Every structure is written in C-alpha cells, then in structure tokens.
Amino acid sequence: MRLTLKLKKFGRSTVATGLLISTLSGASSFYARADSSDLLPDMGTTAAGTLTIDQELQIGDFYVRQLRGSAPLINDPLLNDYINQLGQRLVANAYSVRFPFHFFLINNDELNAFAFFGGNVVLHAALFRYTENESQLASVMAHEISHVTQRHLARAMEDQRRKAPLTWVGALGSILLAIASPQVGMAALTGTLAGTQQNMISFTRSNEEEADRIGLQVLQRSGFDPEAMPDFMQKLADQSRYSSKPPEMLLTHPLPDSRLSDARNRANQMARHIVQSSQDFLFAKVRIFGMYGSEDHPLTDDYIKQLSEGNSREQLAAKYGQALLLYKAKNFNQARNILEPMLNKDPANLWYIDLLTDIDIDQGHAPQAIARLEKVNAAGSKSPVLQLNLANAYVEGNQFAKASQLLYRYTYAHPEDANGWELLTKATAQQGLRAQELAARAESMALIGRLDQAISMLSNASAVSKLGSLDQARYDARIDQLRQLQKRFEQYQKG
C-alpha cells in the first residue's frame, strides 16, 4: 500500500546527535533471569535514581513525536511490520526489558542505526544495502537493543553527575534539543562538551563493547548466527580502510581493533547457527531498493539477475523485484502477469497482495482489490498490513462508510500508526463528517508533536458536535489528555 505522508528532511546533524544518544541509551527490565550473564551490574541500580523508567518513557514519547515530525520515516506497512517482527523476536530473547520496544525505519543512504529513551530503535534504510544476510541485520538490532536494556544513558548520567553534574546536565539538554532542533542543539552541544568530550568518548567505547557482548548473546538465543556480528564489523572496518570517507556508523559507534577482536573471540566460543535469510528479509531488501532507493542506489537489473541465480528464496525475491520495477514503470499488466501465479501458489502472502492491490487501484480496479482483500480477511487474517490495504481500497473504491468502520477499529488498536489516521481523515472528509475529520487530523498532529494544533482541531470538532453528545464528551476528554501531555513536555521544549 502506498500512502503519501508529508515529511520533512532529516538533517545530518539531527541523525548524528541521535546516534550519540545511541551510544549512551537505555531502559531496564520486565524480567531478569538468575542464570543470565547479561544482567545489569550494580551501578545499574544506582542509575535508576538518576532517571526512572517512567521518566525514560516520557522522554522517549516526546522525542519520538519530534522524530516523526522531522525525519523521512518510511511509513510502509510491510516494512514496518517486518522490522518490528524481527525486533520483537530479538527482544523476546533479551533480559532486562521493562517496556515495549518500537522500531523505526528512516530513508537515509548513510549507514547507521541508533536507539534512544523508552525502547525506541531507529534503522537507516542503508542497512539493507550493507547487510549480506538477515543475521547481520539482526546483529545490528541486537546491539542497539542491548544499549537500551543496559541503561547506558542512565548509567552515564549517574557517572557524570558525580564527576561534573553541571556540565552533564547541560550536555544532556543539548543532546536532546538537537533531535528536535538540529542547528540550535548542535551549537549548544559543541559549547557544552568542549571540555569533556574525550571523557565521554572513552565511556562510549565501554558501552559499545558491552552492547556487543550482550547483543551477541541475544543474537544467539534468537536463533541467528553469532558470527554475523564480527563479520559485519569486519565489513565496516574494511570499508573504512579503503575509503576516504568512513561509514557514518563508525563515527557514532567507534570500532577499535580491540572491539572487533573481542567480538570475534566471543562469537567463536558460541555454538554457530548456519541460518538462511528469511523470505521476508529478501522481500524487504528488494522493496527498500525498489520503492525507496535513491538515484545512487536503485533496484538494478544486475541485482535481480544475481538473486535469480541463487536459492529458491532468492529466486522468488528476484521475481518480486521484477514486478516492482514493472509497477514503478507503470507496466501494470506485465507486473500482474508475474505476481498472479505467485499469489495463486501462496494466497496469503502479504508482499504479493500489497503490490497487486496497488496495481488494481492504479488501473482503476478498486472493486477487484476489495474482493481479494475481503476474501483474505474472511479467512481470519488479522494482519495490520491487510487491514490498511483494505481500508485504502475502500477509500479508493468510494466505499467511505466501510472504510471508516474499519479504521475506527484499526486506530483504536494501533493509535500510533500515522497511516490509519491519514486514511480515516480521507474517509470521514468524503462523507462530510466534519467533526470526525477534525478529530482524525488532530491525532495526526499529536503524533508529530504539534499538540497546539491538535488541541485546536479537537476544540473545533467539539464545537460542531451535538451539545452533550458522546462525541463531544470524547473530544473534550482528549483535549484534557493532550493538555496534560503538553505540561509534561514543557521541560523538554525548553531544552
């Protein structure tokens, strides 16, 4: 499903600062197992006095909204579903997890990943270009997850509070401010860290080594090849040696020889899993190139040919890639001819259904898409991807009441999915339901941190609703919630 969401450019300084947080970031744990070797050290308990779990969640919520409003997030239901399923598989095998994790994908050609407060992990799309297999991608995610579970930011705060409390408070404020306002934040950060930068870098390397060690254990417990982590590190190191411009990841995740050798030694001591990349990984990689690739890194015929000469999963990915290229070139019938036999063999495949739905809609065949999607839903599928596709098909097929009915349920279950609110706004607008349209727009604004605008829209929705109605009461209650959120967020807006 293709939805056009308006997004701003994500500045390089913003990304770099977010990645500085990655090297310090953290959260603690739902459960801890007595036999685990990656439990928090004693200092983790002390750190909890500096930054509580509730505070981390609150800070994370604030900055996720800033991220949505300023970053070129890829709001692709298929890709978001894939990275979150992979991420949750890893989280399920991590210890010291105290709150839900969320994984985001940014359309950025620079190789990097970062994590920040509240269990939020952000991946650059370039990771799919650089990782040779799913285990390597999982190794990067396991590393970032481990920054969070080990509470590296809270521990760093505790350490710096003892050494230089005023300097550290200023540095923390500058780091956070830079996510929301890159130019102001980076200028403040430069001045604040002038005297303490070297100390922070040393501490960061210690965090990196710990995230490698814990990440390797998470990777192995999740059924991936532990050798993938040092293999990927070696790839980064090799590129750095033979390139005038090292990967951005090495600037934010320092990789001295000791770190690489330590990861290699630890991986060599683990039982190795020879794991084939999943079909979903290969489809995701092809889709990233085909739908979101830059001019420098598009989906090419050479890459498709390479896949077509591989194993059965790679051959299917090659066919999917061919269909994507034909679709992008508006050769809809040729794309359909490739996809329909594939779907007949695998009728519940989300990747095929999604692309065929787009083809139907672009050819003006929304009823055909609706019939296919309703059939899959009738079979009991609860996939968010299919729900969004069906809602989109209803909108495109002028079945706005059905779209609204489906989207009210969807947005209730997935209130942080911008796609759901975007579609609900369209569906209610087409029915002339002004109050509901304003309320849906308000939720879109709230997701990107524009709480003033969200409150204004909800106030208008309340004003045009029937006096004393349940709708009016609901809008007024939501206004109160957002005002409370505004009050909690004031401290971060002041930097």
Side-chain angles (χ1 to χ4, degrees), residues 1-4 72 74-83 86 105-112 123-137 140 228 231-232 235-236 238-239 242-243 245 247 276-346 349-363 365 385 389:
M1 184 191 74
R2 292 181 299 110
L3 283 176
T4 304
I74 295 178
N75 282 302
D76 184 308
L78 279 166
L79 294 172
N80 286 337
D81 187 61
Y82 169 70
I83 63 167
L86 177 58
L105 194 58
I106 285 181
N107 196 6
N108 192 312
D109 270 348
E110 294 290 339
L111 175 63
N112 224 323
L123 308 176
H124 285 201
L127 277 167
F128 283 89
R129 186 172 78 251
Y130 280 89
T131 51
E132 296 174 4
N133 52 60
E134 192 170 33
S135 287
Q136 289 187 5
L137 176 63
V140 175
D231 286 349
F232 184 67
K235 189 173 183 178
L236 291 177
D238 291 343
Q239 182 173 341
Y242 301 115
S243 173
K245 180 187 175 185
Q276 273 196 2
S277 295
S278 73
Q279 188 70 71
D280 285 341
F281 169 78
L282 295 168
F283 283 150
K285 190 165 186 170
V286 167
R287 188 173 179 87
I288 288 276
F289 294 155
M291 299 292 279
Y292 307 99
S294 64
E295 291 183 3
D296 293 333
H297 304 288
L299 178 61
T300 64
D301 291 331
D302 286 344
Y303 181 61
I304 290 176
K305 184 175 184 296
Q306 176 187 332
L307 287 173
S308 68
E309 296 171 350
N311 60 36
S312 59
R313 292 179 182 178
E314 291 168 334
Q315 290 170 17
L316 278 179
K319 289 183 178 180
Y320 178 70
Q322 288 174 334
L324 270 178
L325 288 180
L326 289 166
Y327 168 74
K328 293 276 285 185
K330 300 188 183 304
N331 294 323
F332 300 127
N333 287 332
Q334 293 180 54
R336 184 187 298 278
N337 290 338
I338 292 174
L339 282 170
E340 285 184 338
M342 296 169 72
L343 184 61
N344 289 336
K345 291 181 180 179
D346 188 4
N349 189 294
L350 299 179
W351 304 87
Y352 305 158
I353 293 171
D354 180 274
L355 186 51
L356 270 173
T357 299
D358 286 343
I359 292 170
D360 285 335
I361 288 171
D362 282 352
Q363 288 189 306
H365 302 321
V385 174
N389 269 280

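Side chains included, hydrogens not; waters and symmetry mates left out as well; all remaining heavy atoms used. Values in this document were obtained by computation on a predicted structure and should not be read as measured data.
In this view, D346 satisfies the salt bridge (charged side-chain N to carboxylate O under 4.0 Å, His left out) rule with no residue, not counting sequence neighbours. Remark: F283 engages Y320, W351, Y352 in a ring-ring contact (aromatic ring centres under 6.0 Å, His included) (not counting sequence neighbours). Residues meeting the salt bridge (charged side-chain N to carboxylate O under 4.0 Å, His left out) test with R336, sequence neighbours left out: E340, D360. Residues that satisfy the side-chain hydrogen bond (donor to acceptor under 3.5 Å, both in side chains) test with D238, not counting sequence neighbours, are Q234, R241. Residues forming a side-chain hydrogen bond (donor to acceptor under 3.5 Å, both in side chains) with S308 (at least two apart in sequence, or on another chain): none. Judged as a side chain to side chain contact (heavy atoms under 4.5 Å, CB included), and not counting sequence neighbours, the contacts of N331 are L326, A329, Q334. Among residues two or more places apart in sequence or in another chain, the ring-ring contact (aromatic ring centres under 6.0 Å, His included) test is passed with Y303 by F289. Residues that satisfy the salt bridge (charged side-chain N to carboxylate O under 4.0 Å, His left out) test with K330, not counting sequence neighbours, are absent from this structure. Among residues two or more places apart in sequence or in another chain, the side chain to side chain contact (heavy atoms under 4.5 Å, CB included) test is passed with E314 by L282, L307, N311. Remark: L350 engages L78, D81, S383, V385, L386 in a side chain to side chain contact (heavy atoms under 4.5 Å, CB included) (not counting sequence neighbours). The side-chain hydrogen bond (donor to acceptor under 3.5 Å, both in side chains) search around N389 returns D354, not counting sequence neighbours. Applying the salt bridge (charged side-chain N to carboxylate O under 4.0 Å, His left out) criterion to K305, with sequence neighbours excluded, gives E309.
Shortest non-hydrogen contact noted between L111 and H124 is C-ND1, 4.4 Å. Contact record, N333 with Q363: OD1-NE2, 3.0 Å, taken as the closest heavy-atom pair. Pairing each heavy atom of K328 with each of G290, the nearest pair is CE-O, 3.3 Å. Of all non-hydrogen atoms in A317 and V286, the two that sit nearest each other are O-CG2, 3.8 Å. Between S278 and F281, the shortest heavy-atom distance links the atoms OG-N, 3.0 Å. Scanning both residues, I359 and A335, for their nearest heavy atoms gives CD1-CB, 3.7 Å.
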List the steps and the verdict of side chain to side chain contact (heavy atoms under 4.5 Å, CB included) for D231 and N133.
CA-CA 11 Å; D231 286 349; N133 52 60; over 6 Å; no
Show your reasoning for whether side chain to side chain contact (heavy atoms under 4.5 Å, CB included) applies to F128 and L105.
CA-CA 11 Å; F128 283 89; L105 194 58; 4.0 Å; yes
For I106 and N112: C-alpha separation, side-chain torsions, deciding distance, then whether side chain to side chain contact (heavy atoms under 4.5 Å, CB included) applies.
CA-CA 10 Å; I106 285 181; N112 224 323; over 6 Å; no
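Counting heavy atoms from C-beta on, the side chains of L137 and I83 never come closer than 4.5 Å. Within the 4.5 Å cutoff, side-chain heavy atoms of L316 are placed close to those of Q279. Annotation: side chain of R129 is in contact with side chain of D109 (closest heavy-atom distance under 4.5 Å). Taking the side chain as every heavy atom from C-beta outward, L79 and Y292 approach each other to under 4.5 Å. For the pair I304 and L325, the minimum side-chain heavy-atom distance is below 4.5 Å.
For the pair K235 (side chain) and Y130 (backbone), a donor-acceptor distance under 3.5 Å is present.
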